[in-house]
A.B. asks: 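Just passing along the structure, written as structure tokens.
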Amino acid sequence: MTSGDPARHTVAIRARIDVAYDGTDFTGWARQPGLRTVQGVLEESLSKVLREPIQLTVAGRTDAGVHAEGQVAHFDTTAEIDAPKLIHRLARFLPKDVRVKEIRLAPPEFDARFSAIRRHYVYRLTTAPYGADPLSARSVVPCREVDLEAMRAASRELLGLHDFAAFCRRREGATTIRELQRFDWERQGVLLTAHVSADAFCWSMVRSLVGAVLAVGEGRRTPEWVAGLLSERERSSSVTVAPAHGLSLVAVDYPADADLAARNAQTRETRTVPGEAGCCGG
């Protein structure tokens, strides 16, 4: 079942949806009583259209104000689904700041969260003296002129498998060990874009990474200071968290269908940095 290949089902199926949203007016992804959230809005609309309760599992729970261009979620349903018609109907039901871009049939082993191999984020800044352009002000953060080469050097210090406790807000029972696979910067005129990819991220990690490296670019810290943060085992009060609205989840990678079950099991394993004792699970 893809947007170009209609199919109908009367038995329980698993569906994957690809979602984009402007996070400005949402209190994050996760459903919260009495608050406007992306999950809440999507589940309400899907439940109305499919005429049965729908619960979503998501690749990454974004914080309040954070955007997505390539978020992925899945749900199970016994309703009949015609993907192109469902996308069209959701476009009428959903508010303008969230869109379902694609719907496709997924195998039972597919799990939007646990099957993911890596997640890709971008963080956008501008060094323009007048600040962000009005048409991009909800997704671009103004900053001072920076030393881009120093920022690139600091970012390289963080690549690899590490305990990123200094960059993460604590969640009970959640590990802070992650493999940072990409962290680099590009400049196009006054626009600076950070590209950040990892197998997974802990709470506030990307914004903390950006905030720490920005301190280097502004001359307030050194790349060595950033590298030294990896030896800390609690969140560092010296790291400034960058504003939420500059961050966007742009893509999530998954393995081939035949490898989904193995990936799910691997993701659920407790992870450790080589040579160190294990952290919490999750």
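Quick note: residue numbers are just sequence positions, from 1.
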A.B. asks: Testing the basics here: between E232 and A166, what is the closest heavy-atom pair and its distance to 0.1 Å?
C.D. replies: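 Minimum heavy-atom separation between E232 and A166: CB-CB, 4.1 Å.
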
A.B. asks: Would L50 and F93 show up in the same hydrophobic cluster when neighbours are defined by side-chain heavy atoms closer than 4.5 Å?
C.D. replies: yes

A.B. asks: Give me the ring orientation class for F26 and Y21: parallel if the planes are under 30° apart, tilted from 30 to 60°, perpendicular past 60°.
C.D. replies: perpendicular

A.B. asks: Between L209 and V226, is a side chain to side chain contact (heavy atoms under 4.5 Å, CB included) present by the stated rule, with each step listed?
C.D. replies: CA-CA 9 Å; L209 291 171; V226 170; over 6 Å; no

A.B. asks: Are I87 and V98 grouped together when hydrophobic residues (ILVMFWY) are joined by side-chain heavy atoms under 4.5 angstrom apart?
C.D. replies: yes

A.B. asks: Less than 4.5 Å apart, any side-chain heavy atom of V58 and any of Q39?
C.D. replies: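 When only atoms from C-beta onward are counted, Q39 and V58 do not touch, as no gap falls below 4.5 Å.
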
A.B. asks: Give a yes or no on whether the backbone of A59 and the side-chain of R119 come within a donor-acceptor separation of less than 3.5 Å.
C.D. replies: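 Here the side-chain-to-backbone pair exists.
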
A.B. asks: Report yes if some heavy atom in the side chain of C168 is under 4.5 Å from a heavy atom in the side chain of M205; otherwise report no.
C.D. replies: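 A side-chain contact exists here, since the closest heavy-atom pair is under 4.5 Å.
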
A.B. asks: Should the pair R124-E69 be classified as a salt bridge under the 4.0 Å nitrogen-to-oxygen rule?
C.D. replies: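 Yes, this pair counts.
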
A.B. asks: Please report the shortest heavy-atom distance between L247 and V66, naming the atom on each side.
C.D. replies: O-CG1, 3.5 Å

A.B. asks: How close do D147 and A150 get, counting heavy atoms only, and between which atoms?
C.D. replies: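 Scanning both residues, the minimum pair turns out to be OD1-N, 3.1 Å.
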
A.B. asks: May I ask you to decide if W225's main-chain N or O and T222's side chain share a donor-acceptor pair within less than 3.5 Å?
C.D. replies: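 A pair under 3.5 Å: yes.
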
A.B. asks: Please check: side-chain N/O of R99 versus main-chain N/O of L94, any donor-acceptor pairing under 3.5 Å?
C.D. replies: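 Yes, R99 side chain to L94 backbone: donor-acceptor pair under 3.5 Å.
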
A.B. asks: Parallel, tilted or perpendicular for H162 and F164, by the 30°/60° rule?
C.D. replies: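 Correct class here is perpendicular.
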
A.B. asks: Can you name the nearest heavy-atom pair linking F110 to R16, along with the distance?
C.D. replies: CZ-CD, 3.9 Å

A.B. asks: Are the side chains of L214 and V210 in contact, using a 4.5 Å heavy-atom criterion?
C.D. replies: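 Of all side-chain heavy-atom pairs linking L214 with V210, at least one is under 4.5 Å.
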
A.B. asks: When you measure from the side chain of E52 to the backbone of T78, do you find a donor-acceptor pair of N or O atoms at a distance under 3.5 Å?
C.D. replies: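 Yes; at least one donor-acceptor contact below 3.5 Å.
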
A.B. asks: Quick one: OH on Y123 to OG on S248, what's the gap to the nearest 0.5 Å?
C.D. replies: 11.5 Å

A.B. asks: After noting the C-alpha distance and the side-chain angles of D253 and H120, does the key distance pass the side chain to side chain contact (heavy atoms under 4.5 Å, CB included) rule?
C.D. replies: CA-CA 8 Å; D253 296 340; H120 305 276; 2.7 Å; yes

A.B. asks: If hydrophobic clusters are built from ILVMFWY residues whose side chains come within less than 4.5 Å, do F201 and W29 share one?
C.D. replies: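 Shared cluster, no.
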
A.B. asks: Does the side chain of D111 come within less than 4.5 Å of R263's, by heavy atoms?
C.D. replies: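 No, every pair of side-chain atoms sits at 4.5 Å or beyond.
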
A.B. asks: Please confirm whether the backbone N or O of G40 pairs with a side-chain atom of R31, one donor and one acceptor, at under 3.5 Å?
C.D. replies: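 Side chain of R31 to backbone of G40: no pair is present.
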
A.B. asks: Within the structure provided, determine whether I13 and L105 are in side-chain contact (heavy-atom separation under 4.5 Å).
C.D. replies: yes

A.B. asks: Atom CG in D97, atom CZ in R36: separation rounded to 0.5 Å?
C.D. replies: 4.0 Å

A.B. asks: Looking at CD of E149 and CH2 of W185, how far apart are the two atoms once the value is rounded to the nearest 0.5 Å?
C.D. replies: 12.5 Å

A.B. asks: Should we say atom CZ of R61 is surrounded by more than 12 heavy atoms from elsewhere, each under 6.0 Å from it?
C.D. replies: no

A.B. asks: Grab the two heavy atoms, one from S208 and one from R235, that are nearest each other, plus how far apart they are.
C.D. replies: OG-NH1, 3.2 Å

A.B. asks: Is the side chain of Y254 donor-acceptor paired with the backbone N or O of A112 at a distance under 3.5 Å, no angle test?
C.D. replies: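 Between the backbone of A112 and the side chain of Y254 there is a qualifying donor-acceptor contact (under 3.5 Å).
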
A.B. asks: Using modelled atom types and a 3.5 Å cut-off, is there a donor and acceptor pairing between side-chain atoms of R221 and backbone atoms of G217?
C.D. replies: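 No: the side chain of R221 does not pair with the backbone of G217.
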
A.B. asks: Thinking salt bridges, do D25 and R138 make one under a 4.0 Å N-O criterion?
C.D. replies: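 Yes, charged N to carboxylate O under 4.0 Å.
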
A.B. asks: Could you state the interatomic distance from CG (D163) to CZ (R233), rounded to the nearest 0.5 Å?
C.D. replies: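 Between D163 CG and R233 CZ, I get 4.0 Å after rounding to 0.5 Å.
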
A.B. asks: Quick one: do V252 and F75 end up in the same hydrophobic cluster if we chain Ile, Leu, Val, Met, Phe, Trp and Tyr together by side-chain heavy atoms under 4.5 Å apart?
C.D. replies: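 Cluster IDs for V252 and F75 differ.
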
A.B. asks: May I ask you to decide if E44's main-chain N or O and S47's side chain share a donor-acceptor pair within less than 3.5 Å?
C.D. replies: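 Flag not set: sc S47 to bb E44 has no pair under 3.5 Å.
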
A.B. asks: Got a second to check how far E109's CD is from D259's CG, nearest 0.5 Å?
C.D. replies: 11.0 Å

A.B. asks: Within the 4.5 Å heavy-atom criterion, are L56 and I17 side-chain neighbours or not?
C.D. replies: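 The answer is yes; the side chains approach within 4.5 Å.
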
A.B. asks: Any idea which heavy atoms bring L229 and S236 closest together, and the distance?
C.D. replies: CD2-OG, 3.7 Å

A.B. asks: Thinking salt bridges, do D199 and R118 make one under a 4.0 Å N-O criterion?
C.D. replies: no

A.B. asks: Say whether, by atom type as modelled, one donor and one acceptor occur between the side chain of H67 and the main chain of G23 under 3.5 angstrom.
C.D. replies: yes

A.B. asks: Determine yes or no for a side-chain-to-main-chain donor-acceptor pair under 3.5 angstrom, with E145 supplying the side chain and T127 the backbone.
C.D. replies: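 No, because the side chain of E145 does not come within donor-acceptor range (under 3.5 Å) of the backbone of T127.
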
A.B. asks: How many angstroms lie between CG in D63 and OG1 in T27, if you round to the nearest 0.5 Å?
C.D. replies: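 Between D63 CG and T27 OG1, I get 11.0 Å after rounding to 0.5 Å.
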
A.B. asks: Say whether Y121 and W203 are linked into one hydrophobic cluster, either directly or through other cluster members, by side-chain heavy-atom distances under 4.5 angstrom.
C.D. replies: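 Y121 does not cluster with W203.
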
